[in-house]
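Here is how names work: the chains are called A, B, and so on, in the same order as the sequence lines, proteins then strands, and each is numbered from 1.
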Number of protein chains: 2
Amino acid sequence: MLVDESAATTKQSKEPAMIKDVFKLVEGYPRVPITVDCVIFGFDQNVLKVLLIRSDIEMFRGKWSLLGDFAHDDEELDGAAYRVLQSRTGMEDVYLEQVKTFSNPKRHPGGRVLTVAYCSLLNTEHHALKILDNELHWHAVKNLQKEDMAFDHKEILDTCHAWLQKRMMEHPLGLTLLPEKFSLRELQNLYEGVLDVKLDRRNFRKKFFSMDFLIDTGEYEDDVPHRPGRLYRFDYKKYEHNKRKWTGIEF
Amino acid sequence: MLVDESAATTKQSKEPAMIKDVFKLVEGYPRVPITVDCVIFGFDQNVLKVLLIRSDIEMFRGKWSLLGDFAHDDEELDGAAYRVLQSRTGMEDVYLEQVKTFSNPKRHPGGRVLTVAYCSLLNTEHHALKILDNELHWHAVKNLQKEDMAFDHKEILDTCHAWLQKRMMEHPLGLTLLPEKFSLRELQNLYEGVLDVKLDRRNFRKKFFSMDFLIDTGEYEDDVPHRPGRLYRFDYKKYEHNKRKWTGIEF
DNA sequence: TCAAAAGTGTTCATTATACACCCATGA
DNA sequence: TCATGGGTGTATAATGAACACTTTTGA
């Protein structure tokens, strides 16, 4: 019923033919075009946004597309995603993580193309868009319909959005979406906006203060039409050091 | 600083050249061989095991390899992984989920080959191995060293093991590793074995009973050299129905 | 002085943790 | 009768959830 390890080892006598030429082996594999698609989230005006361009493909005229490109020869996919991000937005030092590979053979009208989706988060204030080809701009995530987007990009976006919601409960990822100095109100708006929930203000503060990852800058908001809030920075070093003990945020 | 949506829309006048021939577009993309690799976990004798074969590649002689194959033309990767699982083990109706894509250009000695890792869980008792080519057998996960495995398969295994540990806290995945009827001791052994922790027996029972997903079969263990434990089944229907409310298991 | 959001504590309910004894079975 | 693990409850600590008033600022 179950093959014991020692039993398996003794059967080594009838050894199958070994493959000697690995290059020839790989030659024989079918090949598939690979792209990366970046789902780049930003947070602005208390709304979760995603960076899109107009598709330059005739049959998707007017539809929105994620930033993507095919993978170059001998390029690692993380590198390809980073290249896309940099070349299309001019931004550097950006959080980027692989989320999922989409392989439906019909997902690209020009034939089978695999795509590996990456999720990225950045601060719309501190990262000005330098290149504006193809109407590159921030688009509110909530308003996007499947029909508005090229390829299976709505599905990819939804997958990455769900991924972000989950991940934001486990790691303080979301903080990369905020300016370096932020008020607790902004932080709460971020969590409420991304998770699409309402949270109790006092409990939210308590929760974050008890994590002890916020550094009080001593500064205050400016230009607000009400009492200005304190500004905090996130203590990334402390977080990196303690993250093993940290099991996440729960609301 | 930030491009407003309406502003972007008005720029539509200077439209770039549109791509009409999508087939020609895809033709121009570089192509890469794609494989799937299945990390198939089993649980036996209170030990987490993984299903491996001997590599049939000369330069990896004697090393262990995950079950994998290249993706066929127009084959979705989920399908390819399932095909690998079925053709190599004869098993059906198996849990299978995509985990991560590995793209290091040096990961395959025969040239660049992307691989998409899938994780699968099955019950070693109920799924007898039907095909035993290449010494297909269960190998204890703990004892495997990087040098024992072909390609980057140790890295893939580690990634999937970490994934499983995390996922088992969020979903009762692990139950597919057990026989249909199981005792609470077996269930606890499973959690302890996969997560590599010790748990309090009374609290573990309370936790699982309070989730209310266990159905008492009224039957008892047999052939045990001590008082036999009650056997339970997992109420998958109830779980499916309630899983939105369910936020996971925590120890 | 008004509007708007900042800042702040307590109570109650729930959940996690730690811990020890008797029971049923096979050998 | 003994060894082995099955089965059970309680007390304490920690955490989450609900909730209202005063303060500060700009308009």
Side-chain angles (χ1 to χ4, degrees), chain A residues 43 45-47 168-170 172 178-179 181-193 195-233 242 245-251, chain B residues 43 45-47 168-170 172 178-179 181-193 195 197-233 242 244-251:
Chain A
F43 194 69
Q45 315 276 111
N46 295 338
V47 173
M168 260 187 66
M169 302 295 282
E170 299 165 346
L178 292 179
K181 296 171 184 177
F182 52 86
S183 68
L184 273 172
R185 162 63 49 188
E186 290 176 289
L187 186 58
Q188 185 172 343
N189 284 341
L190 172 68
Y191 273 85
E192 291 186 338
L195 302 177
D196 200 24
V197 290
K198 284 285 160 205
L199 301 169
D200 181 273
R201 197 159 53 89
R202 279 169 293 187
N203 292 339
F204 183 85
R205 289 168 155 267
K206 251 183 296 181
K207 172 84 67 178
F208 262 91
F209 286 135
S210 73
M211 290 177 203
D212 210 24
F213 291 138
L214 296 182
I215 301 167
D216 188 344
T217 62
E219 296 169 59
Y220 290 85
E221 285 179 300
D222 209 352
D223 288 324
V224 285
H226 55 77
R227 175 174 174 180
R230 265 169 195 273
L231 296 177
Y232 296 87
R233 281 184 301 116
N242 292 2
K245 296 177 210 159
W246 198 55
T247 58
I249 305 159
E250 285 182 28
F251 296 112
Chain B
F43 193 70
Q45 314 278 111
N46 295 339
V47 174
M168 259 187 66
M169 302 295 282
E170 299 166 346
L178 293 180
K181 297 171 183 176
F182 52 86
S183 68
L184 274 172
R185 162 64 49 190
E186 290 175 289
L187 186 58
Q188 185 173 344
N189 283 340
L190 172 69
Y191 274 85
E192 291 186 338
L195 302 178
V197 290
K198 283 286 161 204
L199 301 169
D200 181 273
R201 195 160 54 90
R202 279 170 293 188
N203 293 338
F204 182 85
R205 291 170 152 268
K206 253 184 295 181
K207 171 87 66 180
F208 261 91
F209 286 135
S210 73
M211 290 178 204
D212 209 24
F213 291 137
L214 296 182
I215 300 167
D216 187 344
T217 62
E219 296 169 58
Y220 290 85
E221 285 179 301
D222 209 351
D223 288 325
V224 285
H226 55 77
R227 174 174 173 180
R230 266 169 195 272
L231 296 177
Y232 297 87
R233 282 183 300 116
N242 291 4
R244 287 188 185 175
K245 296 177 208 158
W246 199 54
T247 58
I249 305 158
E250 285 181 29
F251 296 113

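- Taking each heavy atom of A/L178 and A/F43 in turn, the nearest pair found is CD2-CD2, 4.4 Å.
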Practice task
Indicate for each nucleotide in nucleotides 5-15 of chain C, in 5' to 3' sequence, whether protein heavy atoms under 4.0 Å reach the base (B), only the sugar-phosphate (S), or nothing (-).
Solution key: SBBBBB-----
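- Using a 4.0 Å cut-off between charged side-chain N and carboxylate O, A/E219 and A/R230 make no salt bridge.
- Between the CG atom of A/L199 and the C1' atom of D/dG16 there is a distance of 13 Å, given to the nearest Å.
- Here the P atom of nucleotide D/dT24 and the CG atom of A/D222 are 18 Å apart, to the nearest Å.
- Taking five base pairs at each end of the helix from C/dT1-D/dA27 to C/dA27-D/dT1, the local helix axes there meet at an angle of 10°, rounded to 10°.
- The main-chain N or O of A/S183 is found under 3.5 Å from a side-chain atom of A/E186 such that the two form a donor-acceptor pair.
- Side-chain rings of A/F209 and A/Y232 approach one another, their centers coming within less than 6.0 Å.
- Here the closest heavy-atom approach between residue A/T217 and residue A/L231 is recorded as OG1-O, 2.7 Å.
- Counting to the nearest Å, the C1' atom of C/dA16 and the CE atom of B/M169 are 13 Å from each other.
- When every heavy atom of B/E221 is checked against every heavy atom of B/R227, the shortest pair comes out as OE1-O, 4.5 Å.
- Contact between B/Y191 and B/V197 at its shortest, heavy atoms only, is O-CG2, 4.5 Å.
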Practice task
Carefully, step by step, assess A/E192 and A/K198 under the rule salt bridge (Lys or Arg N to Asp or Glu O under 4.0 Å).
Solution key: CA-CA 6 Å; A/E192 291 186 338; A/K198 284 285 160 205; 3.6 Å; yes
